[in-house]
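These notes concern the structure reproduced below.
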2 protein chains.
Amino acid sequence: MNLSIFLKQVVDFSSEELEDIVSHFEKESVQKNEILVREGQICSKLYFIEKGVGRSYYLKEDGMEITQWFFIDGKIMSSIESFFQQVPSIYYLEMLEDSVIYSITRERLDMLFARYHNMEKFGRLLSTEMLTRVVNKLNALQFQTARERYEYMLKEFPDISTRVSLGFIASYLGMTQETLSRIRRNDSKKS
Amino acid sequence: MNLSIFLKQVVDFSSEELEDIVSHFEKESVQKNEILVREGQICSKLYFIEKGVGRSYYLKEDGMEITQWFFIDGKIMSSIESFFQQVPSIYYLEMLEDSVIYSITRERLDMLFARYHNMEKFGRLLSTEMLTRVVNKLNALQFQTARERYEYMLKEFPDISTRVSLGFIASYLGMTQETLSRIRRNDSKKS
DNA sequence: TGTATCCTTTGACCTATGTCAAAAAGTAAA
DNA sequence: TTTACTTTTTGACATAGGTCAAAGGATACA
């Protein structure tokens with residue numbers, strides 16, 4: 001999905017607003033496995049994914065990677081807390097496919113927030129939407145079995161399971177890859 | 001904490017803005033165990049808690065109550081998704097102490113969002129803050145032991161453990177009350 | 001001051017899921 | 001097509017935390 005269509009879909013920007021806003025984004029092509037932000041860095045940009053998939057993850061003390069979120073095309077990607085509170089990121093941001101993304105810096109975004117009331121609204125709507133998505137995941141993790149959590153993820157990210165490796169999905173769901181593998185085996189038996 | 005101090009702390013409103021905004025809230029006194037919103041209702045108000053504590057919870061199919069979030073004095077309380085997307089709430093909102101709260105309807109809030117750019121900013125900042133808090137909980141639930149989850153909660157809600165019953169905290173943390181009780185026993189042995 | 005109600009703790013036992021290790025399958029590169 | 005590497009599956013076993021049941025403690029109220 002195209003950036004201005006995405007923007008327009010959230011808030012009814014005027015053509016002039018839209019043009020100005022889009023002009024502050026920069027197009028970037030990034031390759032599979034490229035890392036946009038590392039742990040400890042302050043995430044200075046917000047990304048819109050035109051094409052591709054990314055994830056955020058962090059490292060446990062034992063070095064294990066825990067996937068925190070998947071970001072798919074047509075959505076915003078960032079290390080949210082780091083970007084908005086300007087604190088060091090606890091996450092890595094990594095692209096999992098060759099991707100086309102649009103980035104905007106915090107300074108430019110703040111400028112747009114100040115310039116356009118509509119842009120502020122866009123920011124508000126975006127974060128409430130993200131909030132409800134995160135809360136959905138929270139519900140899945142709080143009191144559901146491994147299989148129910150997997151079902152939640154199929155709803156939230158319908159096509160992700162064919163695009164990224166099983167280990168990433170397993171850690172996203174708070175389970176081991178062995179467990180996820182066994183869940184899938186049982187599913188395929190039934191069908 | 002007082003409502004206008006709270007507002008001013010988040011965004012630098014002018015005195016006139018502040019006065020107008022505060023005038024659209026209504027003060028309510030509610031008793032312990034009173035339910036503000038039930039499952040299936042559309043949550044029509046956003047609340048500011050001046051004094052007291054509340055929680056949101058939902059019912060599992062077997063009737064078990066799962067606490068989703070605690071709301072303490074000096075913070076905003078609502079059934080977020082229901083309020084912002086105007087969909088039926090999957091949560092109950094309940095006060096756990098005799099409380100003093102200020103409420104504002106969705107219509108009035110929308111009007112204030114439209115009237116004041118600063119108010120829109122307030123909404124945005126509030127939801128990004130909430131977002132980071134929810135993400136913190138998510139991290140705790142995703143790959144931590146019961147004891148680590150309990151430690152997370154002591155940080156997030158330092159005094160809640162003395163104010164609400166153990167069963168509520170246990171379900172908030174995605175564990176049974178027996179497990180939480182045993183964790184506390186071990187803690188007290190050590191000290 | 002007794003009685004009912006609710007909340008917390010404890011014990012015995014069970015199960016879902018984790019851990020570890022190895023085999024199998026898939027993918028890429030030479 | 002062979003070799004090397006990565007990802008997924010499988011099996012055997014271990015364990016954190018769940019379940020169920022009962023006993024204690026608190027709290028309220030009549």
Side-chain angles (χ1 to χ4, degrees), chain A residues 31-35 53 55 57 60-67 70 94-98 139-154 160-191, chain B residues 31-35 53 55 57 60-67 70 94-98 139-154 160-191:
Chain A
Q31 290 200 302
K32 182 171 174 170
N33 299 328
E34 205 171 312
I35 292 190
V53 209
R55 64 164 182 151
Y57 68 93
K60 286 211 298 184
E61 322 74 55
D62 61 4
M64 190 183 183
E65 293 182 359
I66 309 290
T67 297
F70 291 112
E94 177 189 28
M95 299 312 297
L96 302 175
E97 294 176 354
D98 294 347
N139 285 339
L141 286 177
Q142 191 163 344
F143 248 106
Q144 292 187 234
T145 62
R147 134 157 282 106
E148 288 169 324
R149 299 202 297 276
Y150 181 59
E151 280 154 14
Y152 141 79
M153 110 83 66
L154 291 180
I160 210 90
S161 63
T162 58
R163 293 170 77 176
V164 312
S165 70
L166 173 139
F168 294 165
I169 296 174
S171 76
Y172 171 85
L173 294 174
M175 67 184 76
T176 60
Q177 54 179 13
E178 291 92 333
T179 296
L180 181 52
S181 174
R182 288 187 249 259
I183 287 172
R184 282 188 173 172
R185 175 179 50 181
N186 292 342
D187 281 359
S188 57
K189 264 189 208 160
K190 279 177 205 155
S191 64
Chain B
Q31 290 200 302
K32 183 170 173 170
N33 299 327
E34 207 170 309
I35 292 190
V53 211
R55 65 164 182 149
Y57 69 93
K60 285 211 299 184
E61 321 74 53
D62 61 5
M64 191 183 181
E65 293 181 0
I66 309 290
T67 297
F70 291 111
E94 176 189 28
M95 299 312 298
L96 303 175
E97 293 176 355
D98 292 348
N139 285 338
L141 285 178
Q142 191 163 344
F143 247 107
Q144 294 188 235
T145 62
R147 132 157 287 105
E148 289 168 323
R149 299 203 297 275
Y150 181 59
E151 280 154 15
Y152 141 79
M153 110 83 65
L154 291 178
I160 210 89
S161 63
T162 58
R163 292 171 77 178
V164 312
S165 69
L166 173 137
F168 294 165
I169 295 174
S171 76
Y172 172 85
L173 293 174
M175 66 184 77
T176 60
Q177 54 180 11
E178 292 92 333
T179 296
L180 181 53
S181 174
R182 288 186 248 260
I183 287 172
R184 282 188 172 170
R185 175 179 53 182
N186 292 342
D187 281 358
S188 57
K189 264 188 207 158
K190 280 179 204 152
S191 63

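What's counted below: heavy atoms across the whole structure, side chains too, no hydrogens, waters or symmetry copies. Lettering follows sequence order; numbering is per chain, from 1.
Contact check, Thr176(B) against dG17(D): no side-chain N or O comes under 4.0 Å of OP1 or OP2. Residue Thr145(B) places no side-chain N or O under 4.0 Å from the OP1 or OP2 atom of dA16(D). When the side-chain nitrogen and oxygen atoms of Thr179(B) are compared with OP1 and OP2 of dG17(D), none of them lie within a distance under 4.0 Å. For the OP1/OP2 pair of dT10(C) and a distance below 4.0 Å, the side-chain nitrogens and oxygens of Arg185(B) include at least one atom meeting the criterion.
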Going through the checks in order, is the salt bridge (charged side-chain N to carboxylate O under 4.0 Å, His left out) test met by Glu94(A) and Lys32(A)? CA-CA 8 Å; Glu94(A) 177 189 28; Lys32(A) 182 171 174 170; over 6 Å; no
Could you go through the side chain to side chain contact (heavy atoms under 4.5 Å, CB included) check for Met95(A) and Gln31(A) one step at a time? CA-CA 7 Å; Met95(A) 299 312 297; Gln31(A) 290 200 302; over 6 Å; no
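Remark: of the listed residues Tyr57(A), Phe168(A), Tyr172(A), Tyr172(A) is the sole one forming a ring pair (Phe, Tyr, Trp, His ring centres under 6.0 Å) with Phe70(A).
Between the CZ atom of Arg149(B) and the C1' atom of dG17(D) there is a distance of 9 Å, rounded to whole Å. Rounded to a whole Å, the CZ atom of Arg184(B) is 12 Å from the P atom of dT10(C). Atom pair Asp62(A):CG and dC20(C):C1' shows a separation of 14 Å (rounding to whole Å applied). Taking atom CG on Leu166(A) and atom P on dG26(C), their separation rounds to 14 Å, with Å as the unit. The CZ-P distance, from Phe168(B) to dC6(C), rounds to 12 Å in whole Å. One interatomic measurement links the two molecules: CG of Leu173(B) to P of dA16(D), which rounds to 18 Å at whole-angstrom precision. Distance, Gln142(B) CD to dG18(C) C1': 16 Å, rounded to whole Å. Following rounding to the nearest Å, Lys32(A) (NZ) and dA28(C) (C1') show an atom-to-atom distance of 11 Å.
When each of dG18(C), dG18(D), dT8(D) is scored by its nearest atom to the side-chain atoms of Met175(B), the top-ranked nucleotide is dG18(D). Looking at the side chain of Ser165(A), the nearest of the listed nucleotides dT19(C), dC7(C), dT8(D) is dT8(D).
Nucleotides of DNA chain D nearest to Leu180(B) and Glu178(A) differ in position, and the one nearer the 5' end is that of Glu178(A).
One cannot find a donor-acceptor pair under 3.5 Å joining the base of dG18(C) and the side-chain atoms of Arg182(A).
Looking at Gln144(A), its side chain never comes within 3.5 Å of a backbone N or O of Leu141(A) through a donor-acceptor pair. Looking at Arg149(B), its side chain does come within 3.5 Å of a backbone N or O of Gly174(B) through a donor-acceptor pair.
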